[in-house]
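For ligands, and for the atoms within them, numbers begin at 1 and follow the listed sequence. Along the sequence shown, the residues carry numbers beginning at 1.
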Amino acid sequence: MKETYDIIVIGGGPSGMMAAGRAGELGAHVLLLEKNDRLGKKLSITGGRRCNITNAEPDNRLFLDNFPESKQFLFSPFSQFNVESTFEFFEGRGLPLIVEDRKRAFPESEKAEDVCRVLSDYVEESGNVTVRLNTSFESFVVEGKTLMGVKTSGGTFMADKIIVATGGLAAPETGSTGEGLDSLAAIGHTIEAPDPSLAPLCTPTKWVHELTGTTVDDMTLRFIQEGKAKHKVRGRLLFTHFGISGPIVINSAHKVKALLKKGSVTASVDLFPDYDLGSLDTFFIELFELEKKRHLNNVLRDVLQKKLSESILRRQDLRFGDTPVHEITKDQRKLLVKTLKDLNFPITGTMGFEWSIVADGGVVPKEIDFKSMTSRLFPNLYLAGDVININRPSGGFSLQLCWTTGWIAGTHATSV
Ligand SMILES: Cc1cc2nc3c(=O)[nH]c(=O)nc-3n(C[C@H](O)[C@H](O)[C@H](O)COP(=O)(O)OP(=O)(O)OC[C@H]3O[C@@H](n4cnc5c(N)ncnc54)[C@H](O)[C@@H]3O)c2cc1C
């Protein structure tokens, strides 16, 4: 006799744990399958291990403005479980949340592991959920047009309803390696090809790599194609050994990828975004007047990070760092100002899945009924979390989608 359940949830990440806990709470007999030896492996490394659990915008309309391509699908699920519900869920289970800049909410304890603990307690609390770790889902058992169960590395299990929460392809070392998407494709779902979406950007330019670890707290970054700035952002920039990173870069990756499909892209960094060329020149005239006895490399170090100012003064046309500033010519000063306003380098792509926070791709939204998270192809199949192709920014939006879609899948799989 094969083991039979009301509901099988595949994937023990945030969306799967939420779905399984909710279904168990409503009284369903649930099997939760996870191929790792623990639940929530990716969740435990989110937000630099602090877990940016949601984005604290209680107004559904304003929150969903961050999902320009899919907000029309999301109003219905967010009318059932939204940001306020997330606060109530976690705070009601003894995990107070704090809100930081850009409305990013974290557990007050600053520990992603605490979020995992609340969810695994939720999974266990009803006594209705059986968790099978180290068990890989392999394929669906299909009879005619009906899903009957799943084949796994630990045997075959049957169920009335199946919830797929196997994640996308970002950070594959945490378990999301794509078998869920392959199996959904095998039963006829359309899968948008996965591609790193929220990810750092790469350049082959050596001086950028050499600046690894250097952060600029406030600059403007423009992405230029055919001489025109196609996308512009302002904020913090981090240089890395392969290119550039930081929230504004990661959130630009989707747009930059689209530009790269059309042609080459150059990044241009403006280190003094509050000055135009003229006012920055005046700033340096006045600074050089005050510091006239000092050498340029020392003066520049007062206004820029050491590594960055050294890198700039190593450039072929700017090798006059050991000149006392009163000897700097007008042309040299203007060249320096122009460089500081336009440090440019080519962008060749995004870093791969192993570096990405979210990978584009997954089941296309039009094949899902978002009121209940049911597949439009199989009435007893439900989808939750990153398996669905929804483009979104960083800042807690991904996990909020997991809480919402997981809770709805668990609720509707139980009640229908
Ligand atoms: C480094 C990093 C930091 C992040 N930080 C944040 C953040 O602070 N805030 C935020 O909102 N988002 C963040 N994200 C994104 C967020 O983690 C994801 O959106 C979220 O984990 C998706 O949840 P999920 O349940 O859909 O999938 P996952 O978390 O990927 O979970 C899927 C689970 O399914 C299991 N699984 C897969 N295939 C099988 C199979 N064949 N059989 C059995 N089990 C299987 C996997 O092992 C995994 O445990 C971050 C992502 C990364 C990589």
Is the shortest distance from a Lys or Arg side-chain nitrogen in D270 or R222 to a carboxylate oxygen in the other one below 4.0 Å?
no

Face-on cation placement of R93 at F89 ring, 6.0 Å and 45° thresholds:
yes

How does R132 reach ligand 1, by side chain, by backbone, by both or by neither, if only non-hydrogen atoms under 4.0 Å count?
neither

Is the shortest distance from a heavy atom of N36 to ligand 1 less than 4.0 Å?
yes

Quick look: E179 vs ligand 1, heavy-atom contacts under 4.0 Å, and the answer is side chain

Note: T174, heavy atoms under 4.0 Å from ligand 1, region reported as backbone

Salt-bridge test for E179 and K35: reply yes if a basic N is under 4.0 Å from a carboxylate O, no otherwise.
yes

Just to confirm my output: which protein heavy-atom neighbour is closest to atom 18 (C) of ligand 1, and how far is it?
D386 OD2, 3.3 Å

Under 4.0 Å between a side-chain nitrogen and a carboxylate oxygen: does that hold for D302 and R294?
yes

Against heavy atoms of S136, which atoms of ligand 1 measure under 4.0 Å?
42 (N)

Find all atoms of ligand 1 within a distance of less than 4.0 Å from any non-hydrogen atom belonging to G167, and give their numbers and elements.
26 (O), 27 (O), 30 (O), 32 (C)

Where does A165 meet ligand 1, judged by heavy-atom distances below 4.0 Å: at the side chain, the backbone, both, or neither?
backbone

Taking both backbone and side-chain atoms of L399, is any N or O found less than 3.5 Å from an N or O belonging to ligand 1?
yes

What's the shortest distance from atom 42 (N) of ligand 1 to any protein heavy atom, and which residue and atom give it?
F137 N, 2.9 Å

Nearest-neighbour protein heavy atom for atom 45 (C) of ligand 1, which is reported as residue plus atom name and distance
K35 CG, 3.8 Å

Would you call N251 and V233 a side-chain contact if the rule is heavy atoms closer than 4.5 Å?
no

Residue R392 vicinity, atoms of ligand 1 by number, heavy atom under 4.0 Å
19 (O)

Interfacing atoms of ligand 1 (cut-off 4.0 Å, heavy-atom, G11):
33 (C), 34 (O), 35 (C)

Among all protein heavy atoms, pick the one closest to atom 30 (O) of ligand 1 and tell me residue, atom and distance.
K42 NZ, 3.1 Å

Non-hydrogen side-chain atoms of T156 and V141 separated by less than 4.5 Å
yes

So for atom CZ, which belongs to R319, do other residues, nucleotides or ligands contribute more than 12 heavy atoms lying within a distance under 6.0 Å?
yes

Please confirm whether T46 comes within less than 3.5 Å of ligand 1 when only nitrogen or oxygen atoms on both sides are compared.
no

Is ligand 1 under 4.0 Å from a heavy atom in the side chain of T135, in the backbone, in both, or in neither?
backbone

Is the Lys NZ or Arg CZ of R392 less than 6.0 Å from the centre of F397's six-membered ring, within 45° of the axis?
no

What protein heavy atom is closest to atom 31 (O) of ligand 1, reported as residue, atom name and distance in Å?
G13 CA, 3.4 Å

To the nearest 0.1 Å, how far is atom 1 (C) of ligand 1 from its closest protein heavy atom, and which atom is that?
I45 CD1, 3.9 Å

Considering only NZ, NE, NH1 and NH2 on the basic side and carboxylate oxygens on the acidic side, decide whether R38 and E113 come within less than 4.0 Å.
yes

Looking only at non-hydrogen atoms, which of G48, S15, G395, G47 approaches atom 8 (O) of ligand 1 most closely?
G47

Proximity flag E34 to ligand 1, non-hydrogen atoms under 4.0 Å
yes

Between I187 and L147, is there a side-chain heavy-atom distance shorter than 4.5 Å?
yes

Under 4.0 Å between a side-chain nitrogen and a carboxylate oxygen: does that hold for E367 and R376?
no

The closest protein heavy-atom partner of atom 15 (C) of ligand 1 is I357 O, 3.7 Å

Distance-only side-chain donor-acceptor flag, Q225 / H231, under 3.5 Å
no

Would you mind running through ligand 1 and noting each atom that sits below 4.0 Å from a heavy atom of G385?
26 (O)

Please check whether N52 reaches ligand 1 - meaning an N/O of the residue sits under 3.5 Å from an N/O of the ligand, judged on distance alone.
yes

Does the ring of W207 carry R315 above it, NZ/CZ under 6.0 angstrom from centre and within 45° of its axis?
yes

